[in-house]
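To start, the structure itself, in structure tokens.
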Amino acid sequence: MDETVAEYIRRTVLKIPKDEMKMMLQKWGFLSEAQLQTLNFHQIKDNISQEVVQLCEENSADIKQAAVLDIIYNHIYQNKRMWSVYQMKKSGEELEYFDITDFKKKFKRRLQSALKNVTITFKEYEDNAIWIRVAWGTPHKKPNQYKPSYVVYHSQTPYVFISPSVLKSTLPLLCQALIVASNYHDIREMELRSHSLNSLKDIVFKRYSQNFQTCTPKPLQGGNVEPENDIRIVDENRSEKERIHRLNQEVFGSGPQPILEFAQYRLETMFKSDPKMEVLDKKEPFRCLVKFSSPHLLESLKSLAPAGMADAPLSPLLTCIPHKARNYFKIREKKGLYPESFVSP
């Protein structure tokens, strides 16, 4: 077994929490059950990793087997990576039969024709998700296994979730390979990002909905009896809080929000002014780029009105982010506002 493969396996094993090592190695399936029985999982992690490497040498492991273990780790700890959503588009509305073997073949052929030194590994999961790991090299250097790109593609959907490599020049190659392999003709970033891959899936697959049945909250319980001259103020404050709570429920629902950390869209509107003031000689639209960033963006927006930082209900400009996700192409075509895209030749 190559020394670089042995070292990569050792480092991958060291990343795994000690109490999950046996489970993850079983999921890997490269070592037999008899080999796993010889491992002492009660010793320090460095010794365990060395023993795993020795067993892998017996099985003549190569970099592709090592990459599968890395996929399993990243599938379980997917929140350690930053994910971006991309949406693909066909030229027509026709539906095609999805052939996973054909997809893999086209994807590899496209990447390898553009870059010789590249390691491509696939793993399928039961939710129709194909996990793709791509380690990038250069014409004169072997692939760097420690800085790979990750792609999660759900077959029969136009959505792709990408955790890119630090090498930004690889992203166009990755996007080209995706649209060729999946028989689409265009792909664009939806400008939604998060460490929570499942939250992004909930948004674009409509597994999350902001429209829940509203409920009337119970009256706020006060500890002391208020003076008679303040009773109207107390009632007004209580009514206002109940109104804000009800409107928040209608917009965001009562359940937890998907964890979204970044959202961006381009706004185009007409500037309105008094004609007598002659502020603008030409009637041109006002354009701006709106960016939102937060450790938990949707929960932050939800808390604005109760905290008194915004009026209720919130502006649709703030609450439209999850709703607009699936209509991304339609919106941008209507406005004629496209970011840099990757178009199939």
Side-chain angles (χ1 to χ4, degrees), residues 1-83 100 103-104 119-135 143-155 160-165 194-202 205 207-208 256 258-259 261 295-296:
M1 183 172 65
D2 188 271
E3 289 184 4
T4 57
V5 176
E7 178 63 14
Y8 184 70
I9 292 175
R10 189 185 74 84
R11 291 194 188 185
T12 303
V13 172
L14 285 174
K15 291 192 299 184
I16 304 172
K18 190 174 179 180
D19 58 347
E20 297 180 11
M21 281 187 175
K22 185 174 182 179
M23 174 272 294
M24 211 168 290
L25 292 173
Q26 287 175 331
K27 285 180 177 289
W28 186 24
F30 182 69
L31 302 178
S32 67
E33 193 61 35
Q35 288 176 314
L36 289 175
Q37 292 297 329
T38 66
L39 292 173
N40 178 12
F41 291 101
H42 299 291
Q43 58 185 324
I44 62 175
K45 289 175 67 174
D46 189 60
N47 290 345
I48 299 173
S49 68
Q50 295 289 356
E51 290 184 6
V52 171
V53 169
Q54 291 176 5
L55 294 175
C56 290
E57 286 179 347
E58 295 176 8
N59 293 8
S60 302
D62 59 21
I63 194 60
K64 290 188 176 180
Q65 276 92 28
V68 171
L69 178 59
D70 189 52
I71 292 178
I72 293 170
Y73 173 83
N74 279 276
H75 180 262
I76 294 175
Y77 292 100
Q78 52 195 239
N79 289 6
K80 290 182 178 290
R81 307 185 71 89
M82 176 63 79
W83 298 91
I100 181 64
F103 174 87
K104 293 178 180 179
T119 303
I120 306 167
T121 312
F122 302 91
K123 185 169 178 57
E124 302 166 46
Y125 282 91
E126 58 279 356
D127 58 348
N128 293 324
I130 305 164
W131 279 63
I132 310 170
R133 179 187 180 275
V134 182
N144 186 342
Q145 303 298 332
Y146 299 97
K147 297 179 181 179
S149 297
Y150 267 90
V151 177
V152 179
Y153 173 54
H154 284 255
S155 59
V160 181
F161 306 88
I162 298 178
S163 180
S165 166
S194 177
H195 281 90
S196 177
L197 177 59
N198 287 332
S199 291
L200 293 175
K201 290 181 181 181
D202 288 343
F205 294 149
R207 297 191 300 216
Y208 151 76
I259 301 175
E261 297 174 53
H296 202 329

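We number each residue from 1, following the sequence as shown.
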Derivation of the side chain to side chain contact (heavy atoms under 4.5 Å, CB included) call for Ile132 and Phe103: CA-CA 11 Å; Ile132 310 170; Phe103 174 87; 3.9 Å; yes

Using a cut-off of 6.0 Å, state whether more than 12 heavy atoms not belonging to Lys64 lie near its atom NZ. no

Residues in side chain to side chain donor-acceptor pair (under 3.5 Å) contact with Ser163, at least two apart in sequence or another chain: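 Side chain to side chain donor-acceptor pair (under 3.5 Å) check on Ser163 returns Arg81.
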
Under the side chain to side chain donor-acceptor pair (under 3.5 Å) rule, collect the residues that match up with Tyr73, sequence neighbours excluded. none

Taking the side chain as everything from C-beta on, heavy atoms only, tell me whether [X] gets closer than 4.5 Å to [Y].
X      : Y      : value
Gln43  : Ile48  : yes
Gln78  : Phe161 : no
Val151 : Val134 : no

Over all heavy atoms of both residues, which pair between [X] and [Y] is shortest? Give the atoms and the distance, please.
X      : Y      : value
Ala67  : Arg133 : CB-NH1, 3.5 Å
Ile9   : Ala66  : CG1-CB, 3.6 Å
Pro164 : Ser149 : C-OG, 3.9 Å
Leu55  : Thr38  : CD1-OG1, 4.0 Å
Thr119 : Pro143 : OG1-CG, 3.5 Å
Ser196 : Asn79  : CA-OD1, 3.7 Å

Between [atom1] on residue [X] and [atom2] on residue [Y], distance to nearest 0.5 Å:
X      : Y      : atom1 : atom2 : answer
Trp28  : Ile16  : CH2   : CD1   : 9.0 Å
Ile63  : Asp70  : CD1   : CG    : 9.0 Å
Ile100 : Ile130 : CD1   : CD1   : 3.0 Å
Leu69  : Cys56  : CG    : SG    : 8.0 Å
Ile72  : Lys123 : CD1   : NZ    : 5.0 Å
Lys18  : Met21  : NZ    : CE    : 8.0 Å

Angle between ring planes, Phe205 versus His154, binned at 30° and 60°: parallel, tilted or perpendicular?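 Perpendicular.
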
For the residue pair Tyr125 and His75, does the interplanar ring angle fall in the parallel (under 30°), tilted (30 to 60°) or perpendicular (over 60°) class? parallel

Side chain [X], main chain [Y], donor-acceptor under 3.5 Å:
X      : Y      : result
Asn59  : Ala61  : no
Thr121 : Val68  : no
Trp83  : Asn198 : no
Gln35  : Ser32  : yes

Take Gln65 and Val5 through the side chain to side chain contact (heavy atoms under 4.5 Å, CB included) test and state the conclusion after the steps. CA-CA 9 Å; Gln65 276 92 28; Val5 176; over 6 Å; no

Is a side-chain donor-acceptor pair under 3.5 Å present for Gln50 with Gln54?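 Note: Gln54 and Gln50 side chains miss the donor-acceptor criterion.
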
Under a 3.5 Å threshold, yes or no: a donor from one side chain and an acceptor from the other, between Asp2 and Tyr8? no

Begin with the C-alpha distance, continue with both residues' side-chain angles, and end with the deciding distance and a verdict on side chain to side chain contact (heavy atoms under 4.5 Å, CB included) for Val152 and Lys201. CA-CA 10 Å; Val152 179; Lys201 290 181 181 181; 4.1 Å; yes

Is it true that Lys104 and Glu124 make a salt bridge, defined as a side-chain N closer than 4.0 Å to a carboxylate O?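 Salt bridge present between Lys104 and Glu124.
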
Can you name the residues that form a salt bridge (Lys or Arg N to Asp or Glu O under 4.0 Å) with Glu7, not counting sequence neighbours? Arg10, Arg11

As a quick check of understanding, evaluate side chain to side chain contact (heavy atoms under 4.5 Å, CB included) for Leu25 and Phe41, giving each step before the final call. CA-CA 11 Å; Leu25 292 173; Phe41 291 101; 4.1 Å; yes

